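Because the structure is a prediction, the values reported are computed rather than measured.
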Amino acid sequence: IHTHTHTYTHIHTHTHTPNREDKINDIFLTWVQQANITMFETDGPFGGTPCSSHNHTHHWDLEDSIYWQNRLQGEFFMKLKDYNIFFNAPDWYFHYGTNKIGMGYDEDQYSLPRWQDLTISRQGMYDDTFHFIPTQGWMQVPLVDYHGGGAAA
């Protein structure tokens, strides 16, 4: 109970948000404008991984790291939308403007023998059509060994 109380108190004692300036985002968005980029593919915004660092500029500690990762990722996606950029993301960021999400996509199955992988992928894509219209999705079919599995994959 003491640890929980301390954590709760610690979170609410911050009087300002973490630093939201990001030099890499600024450089990227400048490049997008100068190169007239109209489509962008993101892979791996994985905002669900906690970070316990106390010296990162984008969050305070373990308790708020996932929140800020998701929020900053969403703000980045909204900037892309402001620039009228079409973009895909492998996670659920539709509320921030993503255009597509993976369907029938599970990297762990790619190490299965090819026919098992294809069968599971097709079933996954079909199942996903109960949650999305097909044009909301993108799919992947590896043509070479992916995550192991050897020759059978």
[atom1] of [X]: more than 12 outside heavy atoms within 6.0 angstrom?
| X | atom1 | result |
| --- | --- | --- |
| K81 | NZ | yes |
| Y126 | OH | no |
| D82 | CG | yes |

So how far is it from [X] [atom1] to [Y] [atom2], rounded to the nearest 0.5 Å?
| X | Y | atom1 | atom2 | answer |
| --- | --- | --- | --- | --- |
| R122 | D117 | CZ | CG | 9.5 Å |
| S52 | E63 | OG | CD | 9.5 Å |
| Q109 | Q116 | CD | CD | 10.5 Å |
| T119 | R114 | OG1 | CZ | 11.5 Å |
| Q136 | D128 | CD | CG | 10.5 Å |

Would you say L80 and W31 are hydrophobically clustered, going by side-chain heavy atoms of ILVMFWY under 4.5 Å?
->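 L80 and W31: one cluster.
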Does the gap between the ring centers of F28 and F40 come in under 6.0 Å?
->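 Between F28 and F40, the centre distance is under 6.0 Å.
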Taking the side chain as every heavy atom from C-beta outward, state whether [X] and [Y] have any pair of such atoms under 4.5 Å apart.
| X | Y | result |
| --- | --- | --- |
| N88 | T98 | no |
| W68 | H58 | no |
| R71 | E75 | yes |

Passes side-chain contact (heavy atoms from CB on, under 4.5 Å), Y83 versus T38? Steps please.
-> CA-CA 8 Å; Y83 292 133; T38 59; over 6 Å; no
Test item: [X] side-chain N/O and [Y] main-chain N/O as donor-acceptor pair under 3.5 Å:
| X | Y | answer |
| --- | --- | --- |
| D64 | D61 | yes |
| Q33 | T30 | no |
| Q69 | T49 | yes |
| N70 | I66 | yes |

Set of side chain to side chain donor-acceptor pair (under 3.5 Å) partners for Q123, sequence neighbours left out =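 Side chain to side chain donor-acceptor pair (under 3.5 Å) check on Q123 returns D127.
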Which atom names give the shortest non-hydrogen contact between [X] and [Y], and what distance separates them?
| X | Y | value |
| --- | --- | --- |
| S53 | H59 | O-CE1, 3.4 Å |
| S65 | P50 | OG-CA, 3.5 Å |
| P134 | T129 | CG-CG2, 4.1 Å |

Linking Ile, Leu, Val, Met, Phe, Trp and Tyr through side-chain heavy atoms less than 4.5 Å apart, which residues share a cluster with I24?
->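 Besides I24, the cluster holds no residue at all.
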Before giving the answer on side-chain contact (heavy atoms from CB on, under 4.5 Å), spell out for M78 and Y96 the whole-Å C-alpha distance, their side-chain angles and the decisive distance to 0.1 Å.
-> CA-CA 6 Å; M78 287 189 296; Y96 287 121; 3.9 Å; yes
Worked verdict on V32 versus I85 for side-chain contact (heavy atoms from CB on, under 4.5 Å) = CA-CA 9 Å; V32 161; I85 294 174; 3.0 Å; yes
